[in-house]
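This report refers to the structure that appears directly beneath it.
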Amino acid sequence: MEFRHLVQHARTHSQRRSPETGRRLAAGQSPTALFITCADSRIVPAAITGAEPGSLFELRTAGNVIPAFTHHSASSEMATIEFAVVQLGVSEIVVCGHSHCGAVRALHGGRPALDHLPTMLRWLATHAPFRTTAPTEPGMRAEGQEHVLAQLRALEGYPFVRDRVAAGDLRTHGWFYDIESGEVSAFAADRFQPL
Ligand SMILES: [Zn+2]
């Protein structure tokens, strides 16, 4: 898709929206869920879920990696999760990984594969363990799903997440999006199964 097509669509965006929608959105947001996923261009949360503007608070990171919570530093990721949970009071958090993920491939490819991406190397090395095994198949589905579970564990380390989950006010979900088939699965009863 050429950039000029994106620009053309943006130019006419306001014409495809009702004034009523604009007034509703301007009044504030009360999203249903915080949706954390990879920055990958092939993942379009609104297309996958059918979410309308105002429904999903999104956090997109390299490899849908969630940094471990710490009191000693701040990051955009931690601030975004805090705002969604504490300020907006979302009741659901979805961590959505995906097949054919470049970050998952990098985690299984070893550090030399990231020599030309020193920032990515530091990001992954700080927040996600490198693996010594090669991916089992090109889509790296098993590895990607394991990666989602690791991010869920990191999320549970956020005190305001842990407290609300314990109180029954918040639920976390591990999802996996298959780029090739378009199917979405969710972690339940110890395995990923179709939603
Ligand atoms: Zn990815």
Might you work through the side-chain contact (heavy atoms from CB on, under 4.5 Å) test for Val95 and Thr37, ending with a clear yes or no? CA-CA 6 Å; Val95 179; Thr37 193; over 6 Å; no
After noting the C-alpha distance and the side-chain angles of Gln29 and Leu88, does the key distance pass the side-chain contact (heavy atoms from CB on, under 4.5 Å) rule? CA-CA 8 Å; Gln29 61 172 329; Leu88 298 177; 3.9 Å; yes
Report the C-alpha distance between Leu124 and Met120 in whole Å, list the side-chain angles of each, state the deciding distance to 0.1 Å, and finish with yes or no for side-chain contact (heavy atoms from CB on, under 4.5 Å). CA-CA 6 Å; Leu124 292 178; Met120 181 68 80; 4.0 Å; yes
Criterion side-chain contact (heavy atoms from CB on, under 4.5 Å) on Arg153 and Leu149, from CA distance to verdict: CA-CA 6 Å; Arg153 288 194 291 274; Leu149 298 183; 3.9 Å; yes
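Hydrophobic clustering (side-chain heavy atoms under 4.5 Å, transitive across Ile, Leu, Val, Met, Phe, Trp, Tyr) keeps Leu170 apart from Val94. Residues Phe130 and Val104 do not share a hydrophobic cluster, defined by chaining ILVMFWY side chains whose heavy atoms lie under 4.5 Å apart. If you chain together hydrophobic residues whose side chains sit under 4.5 Å apart, Phe192 and Ile36 fall into the same group. Side-chain heavy atoms closer than 4.5 Å link hydrophobic residues (I, L, V, M, F, W, Y) into clusters, and following such links, even through other members, never connects Phe35 to Val148. No continuous path of ILVMFWY side-chain contacts below 4.5 Å connects Ile81 to Val65, so the two sit in separate hydrophobic clusters.
Looking only at side-chain heavy atoms (C-beta outward), Phe69 and Pro159 come within less than 4.5 Å of each other. Residues Thr32 and Val90 have side chains not in contact (no heavy-atom distance under 4.5 Å, counting atoms from C-beta outward). Side-chain contact between Arg141 and Asp178 is present, with at least one heavy-atom pair separated by less than 4.5 Å. The shortest side-chain heavy-atom distance between Leu34 and Glu92 does not fall under the 4.5 Å cut-off. In this structure, Val165 and Tyr158 have side chains that are not in contact, with every pair of non-hydrogen atoms separated by 4.5 Å or more. The shortest side-chain heavy-atom distance between Phe187 and Thr172 does not fall under the 4.5 Å cut-off. Side-chain contact between Arg191 and Ser185 is absent, with no heavy-atom pair separated by less than 4.5 Å. Looking only at side-chain heavy atoms (C-beta outward), Ser75 and Pro67 come within less than 4.5 Å of each other.
Residue-environment remark: CD (Glu137) exceeds the threshold of 12 foreign heavy atoms within 6.0 Å. Residue Glu183 qualifies as open at atom CD: its count of foreign heavy atoms under 6.0 Å is 12 or below.
Without hydrogens or angle criteria, Glu77 side chain to Thr61 main chain gives no donor-acceptor distance under 3.5 Å. The main-chain N or O of Asp40 is found under 3.5 Å from a side-chain atom of Arg60 such that the two form a donor-acceptor pair. A donor-acceptor pair under 3.5 Å is formed between the side chain of His147 and the backbone N or O of Gly63. Judged purely by atom type and a 3.5 angstrom limit, Thr80 has no side-chain atom pairing as donor or acceptor with the backbone of Leu59. A donor-acceptor pair under 3.5 Å links the side-chain atoms of Arg42 to the main chain of His100, judged by distance alone. Looking only at distances, no side-chain donor or acceptor of Thr12 sits under 3.5 Å from a matching main-chain atom of Gln15.
One distance of note links CZ of Arg122 with CG of Leu117; it measures 11.0 Å at 0.5 Å rounding. Within the model, atoms CG of Leu121 and OG1 of Thr119 stand 9.0 Å from one another, a figure rounded to the nearest 0.5 Å. Between the CD atom of Glu143 and the SG atom of Cys101 there is a distance of 11.5 Å, given to the nearest 0.5 Å. The line from CG of Leu25 to CD of Glu52 is 9.5 Å long, rounded to the nearest 0.5 Å. Met1 contributes atom CE, which lies 5.0 Å from atom CG of Leu6 (distance to the nearest 0.5 angstrom). Within the model, atoms CG of Asp163 and CG of Asp169 stand 10.0 Å from one another, a figure rounded to the nearest 0.5 Å.
Closest of all the heavy-atom pairs between Asn64 and Gly97 is OD1-CA, 3.5 Å. Closest heavy-atom contact between Gly22 and Arg17: CA-NH2, 3.4 Å. Between Leu152 and His173, the shortest heavy-atom distance links the atoms CD2-O, 3.8 Å.
The salt bridge (charged side-chain N to carboxylate O under 4.0 Å, His left out) check on Glu2 picks up Arg4, with sequence neighbours excluded. Annotation: side chain to side chain contact (heavy atoms under 4.5 Å, CB included) contacts of Glu82 (sequence neighbours excluded): Val86, Phe160. Scanning for side chain to side chain contact (heavy atoms under 4.5 Å, CB included) contacts around Val184 gives Ile48, Trp175, Tyr177, Leu195, with sequence neighbours left out.
Using a 4.0 Å cut-off between a side-chain N of Lys or Arg and a carboxylate O of Asp or Glu, Arg162 and Glu156 do not qualify as a salt bridge. Salt bridge annotation for Arg131-Glu146: present, with a cationic side-chain nitrogen under 4.0 angstrom from a carboxylate oxygen.
Side-chain contact annotation: Thr21 with Ser18, donor-acceptor N/O pair under 3.5 Å present.
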